[in-house]
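Reading through the C-alpha cells given below for one structure.
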Number of protein chains: 2
Amino acid sequence: MTDHTDPLAALPGYALRRAANAMMAELAGRLGEIELRVSDATVLLLVGERCDMTSSEIGKVLEIQRANMVPLLSRLERAGVIERKPIDRKSQAIVLTSAGVDALARVRDITGQFEQDLLDRIPAAHRAHFVPALQALIG
Amino acid sequence: MTDHTDPLAALPGYALRRAANAMMAELAGRLGEIELRVSDATVLLLVGERCDMTSSEIGKVLEIQRANMVPLLSRLERAGVIERKPIDRKSQAIVLTSAGVDALARVRDITGQFEQDLLDRIPAAHRAHFVPALQALIG
DNA sequence: TATTGTTATACTCTATAACTATA
DNA sequence: TATAGTTATAGAGTATAACAATA
C-alpha cells in the first residue's frame, strides 16, 4: 500500500486551491446539464441583479478582462439568453432575453442548491466563518 | 460613478473561486521570481517531504493527471532540480538533485511567507476556522 | 490484467498588446 | 484624452483517449 495522505493539506493556500478546484469542477458539472459554464452563469446572475450593465462594467465587477468578455457574451448571445441594447454609438447594455429569464431561473436553482450543498459540507462550527474569511482575501 | 460593488460576493462558491484566483495569482507572482510555477513548487514541496515517489504517486496525492505530470516533471528535470532514479524497468523514483535541495529551500521561504501573509489577511476571529472548512470541501 | 510512463490533443481560463470608433 | 468594444495571441491548468512496455 502506498501512502495517499497529503502532507501539504495543512497549508492554507494549498487547501484553498484544492477546495476551489473541487467545488468549481462540481459546479461545472451541474451547470453542464443546461449547457452553461461557470463564468456564463456568473454573468447571468449579475445581469439578473443589475440591469443595463455594459460589457466593461460586468467585467470590472466580476474581474474578467474586457477582452475575455467578448467570446463569453458572444456565446450567451448565440445561445439566445442575452441581447445587446445600444446606449450610445459606443456602448451597449447587456439585457436578458425572455429565454434568458428562463435560463436564469434554472441557474438560480442549480447555484442555490450548489451553494447550500457546499455549506452543508462545512462542519457547523466553521460555517459562519467561511465567507468572511474568503472575502478578506479578495481584492 | 458606476457601482462596482459585487452582488455575488456573499455566495460561498463564488467567494471561494475569487479568493483562490487572487491568492494563486499572488503566489504565482512570487514564485515567478525563481522561475517556478505553483504546480512546480507543489511537487518540490511534496518530493521534499516524501522520498522516492513515482510520477504516478505524486499525481495521485496532488490530484494531477498522470498525463499532465509528464511536461511538469520534464520542466523540473530540464531546470536541474529533480532527476529520475530507476526503481525497476517500469517505474522511476523522482528525487531532488543538490540544486533541487537549494531550490526547495527558496520555495519553502517563499511559500512560508506567502502562507503567513495569507493568514494575516484573515481577521483573527475567523482564522482558525479557515483550513478546517476548506479541508471539508476537498476529496 | 493492471499499472507506468508517455504522446497527442483539446478545452477552459486568464493575460497582454494593439486597433477602431466614440465619449 | 480616456473609454468601449474588439481582434489576435499566448500561457497555464485540466481532461480524455490511446499506446508500448512492464509488473
Side-chain angles (χ1 to χ4, degrees), chain A residues 1-2 4 13-14 16-29 31-32 35-43 52-78 82-94, chain B residues 1-2 4 14 16-32 35-43 52-78 82-94:
Chain A
M1 258 307 277
T2 341
H4 281 183
Y14 178 75
L16 177 60
R17 183 165 71 121
R18 287 286 299 267
N21 287 352
M23 290 300 99
M24 288 309 108
E26 168 68 24
L27 178 56
L31 286 169
E35 313 265 296
L36 289 178
R37 303 179 187 180
V38 173
S39 47
D40 296 339
T42 309
V43 167
D52 290 345
M53 300 187 77
T54 65
S55 170
S56 294
E57 286 166 357
I58 295 170
K60 275 175 195 150
V61 173
L62 300 180
E63 281 195 332
I64 300 172
Q65 307 286 330
R66 238 172 33 254
N68 296 329
M69 289 298 298
V70 176
L72 199 166
L73 292 179
S74 300
R75 195 166 56 238
L76 292 178
E77 194 175 29
R78 226 175 318 126
I82 63 155
E83 58 190 6
R84 303 169 202 255
K85 194 176 70 178
I87 294 175
D88 52 33
R89 275 183 302 179
K90 186 173 151 192
S91 303
Q92 306 165 335
I94 305 300
Chain B
M1 259 310 278
T2 342
H4 282 182
Y14 177 76
L16 176 60
R17 183 166 72 120
R18 287 284 300 266
N21 287 351
M23 290 300 98
M24 287 309 109
E26 167 69 23
L27 179 57
R30 298 194 192 187
L31 286 169
E35 314 266 295
L36 290 178
R37 304 179 187 179
V38 174
S39 47
D40 296 339
T42 309
V43 167
D52 291 345
M53 300 187 76
T54 65
S55 171
S56 293
E57 285 166 357
I58 295 169
K60 274 175 196 150
V61 173
L62 301 180
E63 281 195 333
I64 300 173
Q65 308 285 332
R66 239 173 32 257
N68 295 330
M69 288 298 298
V70 176
L72 198 166
L73 291 179
S74 299
R75 198 167 51 239
L76 292 178
E77 194 175 29
R78 228 174 316 127
I82 63 154
E83 57 189 7
R84 304 170 200 253
K85 196 176 68 180
I87 294 175
D88 51 35
R89 275 183 303 178
K90 187 174 154 193
S91 304
Q92 307 164 337
I94 305 300

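A note on names: the letters A, B, ... follow the listed sequences, proteins ahead of strands, and every chain is numbered from 1. FYI, side chains are in, hydrogens and waters are out, and symmetry mates aren't considered; it's all heavy atoms of this structure.
Residues passing the salt bridge (Lys or Arg N to Asp or Glu O under 4.0 Å) test with A:Arg84 are A:Glu77, sequence neighbours excluded. Applying the side-chain contact (heavy atoms from CB on, under 4.5 Å) test to B:Arg89 and every residue at least two apart in sequence or in another chain returns nothing. Evaluation of the side chain to side chain donor-acceptor pair (under 3.5 Å) rule for A:Asn21 yields no partner, not counting sequence neighbours. Among residues two or more places apart in sequence or in another chain, the side-chain contact (heavy atoms from CB on, under 4.5 Å) test is passed with B:Thr54 by B:Ser56, B:Glu57, B:Ile87, B:Ser91. The side chain to side chain donor-acceptor pair (under 3.5 Å) test applied to A:Asp52 returns A:Lys85, not counting sequence neighbours. Residues that satisfy the salt bridge (Lys or Arg N to Asp or Glu O under 4.0 Å) test with B:Lys90, not counting sequence neighbours, are absent from this structure. Partners of B:Arg37 under the salt bridge (Lys or Arg N to Asp or Glu O under 4.0 Å) rule, at least two apart in sequence or in another chain, do not exist in this structure. With sequence neighbours excluded, no residue forms a side chain to side chain donor-acceptor pair (under 3.5 Å) with A:Gln65. Legend: residues meeting salt bridge (Lys or Arg N to Asp or Glu O under 4.0 Å) with B:Glu83, ordered by chain and number and at least two apart, are absent.
When rounded to the nearest whole Å, the span between CD of B:Gln65 and C1' of C:dG5 equals 14 Å. Nucleotide C:dC13 holds its C1' atom 14 Å from the CD atom of A:Glu63, rounded to whole Å. Rounded to whole Å, the distance from CG on A:Leu27 to P on C:dT12 is 15 Å. Rounded to an integer number of Å, the gap from CG of B:Asn21 to C1' of C:dC13 is 9 Å.
Nearest approach of A:Ser39 to B:Arg17, heavy atoms of both residues: CA-NH2, 4.5 Å. In this structure, A:Ile82 and A:Leu73 approach most closely via the heavy-atom pair CD1-O, 3.6 Å.
First and last contacts of DNA chain D with chain B, using any nucleotide atom under 4.0 Å from a protein heavy atom and ordered 5' to 3', fall at D:dA12 to D:dA23.
Sorted by residue number, the members of residues 68-77 of chain A with any non-hydrogen atom under 4.0 Å from DNA chain D read A:Val70.
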Show the distances under 3.5 angstrom between N or O atoms of the protein and N or O atoms of nucleotides 17-22 of chain C.
| residue | atom | partner | partner atom | Å |
| --- | --- | --- | --- | --- |
| C:dT22 | O2 | A:Lys90 | NZ | 3.3 |

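Nearest-nucleotide positions on DNA chain C for B:Gln92 and A:Ile64 put B:Gln92 closer to the 5' end. Between A:Ser91 and A:Arg37, the residue whose closest nucleotide on DNA chain C is further toward the 5' end is A:Arg37.
Residue-level contact check: A:Arg17 touches neither bases nor backbone, having no heavy atom under 4.0 Å from any strand.
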